[in-house]
Every structure is written in structure tokens, then in C-alpha cells.
*Asks:* 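Let me begin by handing over the structure; questions about it come next.
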Protein chains: 2
Amino acid sequence: MSASKRDVLIQRAFKIFQENGFHATGMDKLVKLTGVSKTAMYRHFRTKDDLILAVLKLRDEQFRNWLVQRIEELAQTPEQQLLALFDVLGEWFERDDFKGCMFIKASAEYQDDSHPLKVASAEHKRLLLVYFSNIAARTKAQDPGLLARQLLMLKEGAIVTAHLQGIEDVAREARKAAEVLLHAALAPE
Amino acid sequence: MSASKRDVLIQRAFKIFQENGFHATGMDKLVKLTGVSKTAMYRHFRTKDDLILAVLKLRDEQFRNWLVQRIEELAQTPEQQLLALFDVLGEWFERDDFKGCMFIKASAEYQDDSHPLKVASAEHKRLLLVYFSNIAARTKAQDPGLLARQLLMLKEGAIVTAHLQGIEDVAREARKAAEVLLHAALAPE
DNA sequence: CAACACATGTACCGATCGGTACATGTTGTC
DNA sequence: GACAACATGTACCGATCGGTACATGTGTTG
């Protein structure tokens, strides 16, 4: 019960941070919007940074689980899965609650490389890279690691563009670029 | 004199915001680090947001001027100029004071689409898109607009990746991807 | 019922937030 | 030198920041 209540707390805090930013969201607002008392909040999390870190950890799990599941539902071959990333991105962008990537935003507000929140953000991106590198390695791409890194760069760019300029066609055009990169990697001249 | 002093003020504020973030930087710190008094600061800028907006406007000018100049120094044909973007990005990443893109960070802290700081950030990206669309239009690319948007997505992804994961090889690998995209756009099957 | 451990809400802490009132230079003009 | 116009520094405003002290429930165990 304590664990699940904690998770509910984290989930609500996630929404609030995602919509308002980290520094811009005070503990008073969090306490009010989550419904718990301040004492209870600080019993679960020693500091605000601890709370944010817990939010990032939960978000990392949930996002990667969702991404992997959707990709493997949509595509079976590794080649198709690499491209399906961008279809899933499109689904994400279309959601009403799409507010950009929380890890990009966290690294924007906590820039010091040694800051736990930046470390956690970098770790999230690293885990995604591991996943896609493994997929790429199952293709006949000449340099699977390079291909994975390039596709993930495209992914970050699509997210930033969708958040900043609007979502229209972004995922579709990113997918087209991904197709070109994939075909070139498979059939080099 | 007043104008140039104002510009100096903006320039110093830029550095401080770039290194510490917007919400995390208080006016007291800005006043202390820029050397002016608080009264003088508030005579030049009515509010903190006004100051940030002025910082973004100056940064927009300086960054685009620098980017255009370097690209045109490095390359003459439109095809080469599209690729030179990524060489210039590499130069930027190598700088000691590289701290990511201020406009991405501003849009992370001020998410409301109607917020002047987000508007200014989107406008910066739009102006870059106009510039590269014009270059792409001078190539034989089938869909120059698409190519420009894809290359700029790659650019944003490279910036985010360099800021979050480290700069190593990022610009070079982004350029390789750009080469593939460019060649495919020029010589479609 | 008594005694205890623990969860909760509230009132409050010093520090800092963005922003201003006001007293004190400093300057140009006559 | 007198005076107006403006620039400056400082002290301060109410609000909010992250975080805590403490008084008041609320079971749980004898």
C-alpha cells in the first residue's frame, strides 16, 4: 500500500512537473495538487530533487516499456522495428498530453553533468541507445551502432521540433528520413 | 552609449542564463554579476521576462549571423552549404562555452504556446528553416522543403545529443546522415 | 483503558523571489 | 552657484521558495 501510494504520488507529480517545469513548480503547489500533506510528502521524499529523481525513474521505465511494446506490436523484422520507432513517436505527439520529452527538459534545467537529474536523463537516453543498437545489430547494416545513433538523433530532433514548432507531419517526415538512412545503411554503394 | 551599454548588459545576462537556466537565475544574481544596480536594470528592462526576451532576440541575431557567415565561408554550392551546417555545428560543440541551445531550453521552461519566450524561440527556428529552405530550393532536390525540415530535425537532434550525452562524434555522424539524405533527395530512384 | 509508535495537518522558519520607494548623487543649463 | 532632470544605490515590499517543528489524531499492543 505504501509503495503504490508512493507511485500514485509520483505519477501525479509527473503530470504537474511536465506541465509547469521543475523550478517553476513549488512544493506547496505539489502538495496542494497531489492532495497529500507536506509532512507526508517529505516522509516519502527527503528533498524536492529526490522527488524529481523518482519521477524521472518512473517515467524512464514507463516510457521505455511503452515504446518497446508498441514497436514490437507494430513490426516484427528489425528493419521494420527501426522505422516503427517513428510511427510510435507520431502516436505520442498526437496525444493531448504531449508536452515534449521530460528528460530533455530536465537536462535543460539541471545542466551540471554531475547533477543526479542530468545523470538520470543521460541514462535514459543511453538505455534507448542500447535497445536500438541491439535491433540495428540484427540487420545487415554495415555500421549498426552508427545507424542507431543517427536514428536516435533524428528522434530527438523530431521531439524538439514537435514540441517547439508543432506536431504536424513531423513524425512522418522523420520516418521518411529514417527510411533513407536505413536503406543506405543496408545497401551501401 | 545607452544602447551599447544595454547590449553589454544583455550579453552578460545571456551568459548567466545560459549557464544557470532561467527560473534558477534570480534578478539579484543578475544584478550582482552584471555589476549594474537593480534600479538601472529595471530602467532598461521592465520585467525579468523582458530581459530574457531581449537576450533571446540578441542571441537569435548573433547565432544566425554567425551560422550563415561560417556556412558561406566553408561552402559555395547549395549542396555543400547544406552539409556545412553540420561542420559549423561541430565547431560550436567544441567551444568551451557550449551549453546547448538557448531556445530549446527556453521552450522547456516556458511551455505555453502563447508565452512570448516560447514564441520567440519558435520564431528563431522558423527563421533558420526559411534560410535552409532557400538553400535547398537552389539544389535539384525533389522536395526542397522536406529536405530542409529533415536536416533541421537532424540539427536539433545533434544539439540535444551533444548537450545530453557529450559531443564526441555527434556532429560528424549527423553530417554523415545529412549526406545520405541529401544524395537521396538529389538522385531518387 | 493506558501507553506507545507513528501518520497527519498546520503553522512557521530563514532565504530568496520579482519588483519598488526613496534618498542621494551627477549632470546640463542658465 | 541655483535649480531642474535624470541616473544610481540601497533598503525594503509582500509573496513564495524548500524544508521543519510541533501539536494533534489514529491505530496497535499490553
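Everything quoted here is computed from the prediction, not taken from an experiment. The sequence lines fix the lettering, A, B, ..., with proteins before strands; numbering per chain opens at 1.
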*Asks:* Centre-to-centre under 6.0 Å for A:His163 and A:Phe93, is that the case here?
*Replies:*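 Not under 6.0 Å, so no.
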*Asks:* Under a 3.5 Å threshold, yes or no: a donor from one side chain and an acceptor from the other, between A:Gln62 and A:Gln11?
*Replies:*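 Yes, A:Gln11 and A:Gln62 have a side-chain donor paired with an acceptor closer than 3.5 Å.
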*Asks:* Run the ring-centre check on B:Phe17 versus B:His23 and record whether the distance is less than 6.0 Å.
*Replies:*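 Ring-ring flag for B:Phe17/B:His23: false, centres at least 6.0 Å apart.
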*Asks:* Rounded to whole angstrom units, what separation is found between the CE atom of B:Met41 and the C1' atom of D:dT8?
*Replies:*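 Taking atom C1' of D:dT8 as the reference, CE of B:Met41 is at 14 Å.
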*Asks:* Please collect all salt bridge (Lys or Arg N to Asp or Glu O under 4.0 Å) contacts where either partner lies in residues 65-83 of chain A, sequence neighbours excluded, each pair once.
*Replies:*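 Qualifying pairs, neighbours excluded: A:Arg70-A:Glu73, A:Arg70-A:Glu91.
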*Asks:* For a quick check, with a 4.0 angstrom heavy-atom cut-off, what is the B/S/- contact string for nucleotides 10-25 of chain C, read 5' to 3'?
*Replies:* B------SBBBB----
*Asks:* Do the side-chain N and O atoms of A:Ser114 and A:Asp112 include a donor-acceptor pair separated by under 3.5 angstrom?
*Replies:*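 A pair is found: one side chain offers a donor N or O, the other an acceptor, under 3.5 Å apart.
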